[in-house]
Amino acid sequence: LARWSGLRPQDIHVVPNGVDTDTYRPADSKMAVRQRLGWTQPGAVIITVARLAPEKDLATLLRAVALMPQVAWWLVGYGSEEESLRELARQLGLIDRVVFWGQRADIPDLLQAADVFALSSLSEGLSMALIEAAACGLPIVATDVGGNREIVQPPHAGRLVPPQDPRALATALDEILSDEALRKTLSANARQTAVDRFSVAAMVERYRMLYEMALRRHSSS
């Protein structure tokens, strides 16, 4: 932005969007939330909340799930890629393990019921879906693109992998799902990051400080 606009770097301030960390928070009981959602199958649940669009590269995530037996994948969202993803799920023999939830109004419940959040995007800005997942205490496995690193801060709250690499995704997901102690640590770290850096309260405080700085500059000019 400094190069394109001619502004001095010190005059540019980034204020990340915030999420409601009271609404997006860890559940007291994942199993209770799953029962409320009508999910009774045993085993781990990976969740992705995203537009079903080419830049999300969800086919790569499907192929990663195919490398992981006895794991369910919840895909929440809608978009132009839905039919091709359903067909790929059938081809990979995953039709019983992949749930297409479509557009939902109960995203916090779905996140609270899952074990880990996965995102396979080819490009991202600062993903609100990742921030919401972190606020719900979900460990994250995502591709190392856009602002994902800023949220995950690997290895603090999860793992980052190269784009378009199903095996790397599967390996990172399996590492987290197979280690309960690691999962608990990443969960606590993800939640703390969301509260400290990406909550509505943190966003408001940054805006307040920015306005105060602008007022001080104006009054001294």
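Just so you know, these numbers use all the heavy atoms, side chains as well, and skip hydrogens, waters and symmetry mates. Nothing here was measured: the structure is a model prediction, and the numbers come from that model.
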Quick one: does [X]'s side chain have a donor or acceptor within less than 3.5 Å of a partner on [Y]'s backbone?
X: S220; Y: R217; answer: yes
X: S5; Y: L7; answer: yes
X: S199; Y: T21; answer: no
X: R197; Y: E150; answer: yes
X: N148; Y: A142; answer: no
X: S187; Y: R183; answer: no
X: R51; Y: G79; answer: no

So if you build clusters from Ile, Leu, Val, Met, Phe, Trp, Tyr with side-chain heavy-atom gaps below 4.5 Å, do [X] and [Y] land together?
X: L61; Y: L85; result: yes
X: L52; Y: V98; result: yes
X: V195; Y: M203; result: no
X: V152; Y: L111; result: yes
X: V71; Y: L88; result: yes

Close side-chain approach of [X] to [Y], heavy-atom, < 4.5 Å:
X: V161; Y: D165; value: no
X: D115; Y: L177; value: yes
X: L126; Y: I131; value: yes
X: L62; Y: L92; value: yes
X: I176; Y: R159; value: yes
X: V45; Y: R34; value: yes
X: L37; Y: W74; value: yes
X: P162; Y: D144; value: no

Roughly how far, to the nearest 0.5 Å, is the [atom2] atom of [Y] from the [atom1] atom of [X]?
X: L130; Y: I140; atom1: CG; atom2: CD1; answer: 5.0 Å
X: L67; Y: L173; atom1: CG; atom2: CG; answer: 10.5 Å
X: L119; Y: I151; atom1: CG; atom2: CD1; answer: 9.0 Å
X: D109; Y: D106; atom1: CG; atom2: CG; answer: 5.5 Å
X: W39; Y: K30; atom1: CH2; atom2: NZ; answer: 14.0 Å
X: S121; Y: Q164; atom1: OG; atom2: CD; answer: 11.5 Å

For [X] and [Y], which heavy atoms make the closest approach, and how far apart are they?
X: A194; Y: A134; value: CB-C, 4.0 Å
X: A170; Y: A64; value: CB-O, 3.6 Å
X: A135; Y: R191; value: O-NH1, 2.8 Å
X: A114; Y: I47; value: CB-CG2, 3.5 Å
X: T143; Y: S120; value: OG1-C, 3.6 Å
X: C136; Y: P108; value: SG-O, 4.3 Å

Report summary line: With H156 as partner, the option from T193, L186, T185 fulfilling side chain to side chain contact (heavy atoms under 4.5 Å, CB included) is T193

Requested in this report: Run the numbers on M213 and H13 for side-chain contact (heavy atoms from CB on, under 4.5 Å), then give the verdict.
Outcome: CA-CA 11 Å; M213 181 181 66; H13 302 270; 3.1 Å; yes

Report summary line: The side-chain contact (heavy atoms from CB on, under 4.5 Å) partners of M209 (sequence neighbours excluded) come to E205

If you count every heavy atom of other residues, nucleotides or ligands that lies below 6.0 Å from [X] atom [atom1], does the total exceed 12?
X: Y78; atom1: OH; result: no
X: Q70; atom1: CD; result: no
X: R3; atom1: CZ; result: no
X: E180; atom1: CD; result: no
X: D28; atom1: CG; result: no
X: R167; atom1: CZ; result: no

Requested in this report: Show your reasoning for whether side-chain contact (heavy atoms from CB on, under 4.5 Å) applies to I107 and Y24.
Outcome: CA-CA 9 Å; I107 301 297; Y24 290 91; 4.2 Å; yes

Report task. Would you check, one step at a time, whether the test side-chain contact (heavy atoms from CB on, under 4.5 Å) holds for L58 with L75? Result -> CA-CA 9 Å; L58 295 164; L75 180 53; 4.0 Å; yes

Requested in this report: Just do the side-chain contact (heavy atoms from CB on, under 4.5 Å) check on V116 and L138 with the steps written out, would you?
Outcome: CA-CA 5 Å; V116 62; L138 283 182; 5.7 Å; no

**Report entry** All pairs passing salt bridge (charged side-chain N to carboxylate O under 4.0 Å, His left out) where residues 56-82 contributes a residue, at least two apart
**Finding:** K56-E124, E82-R86

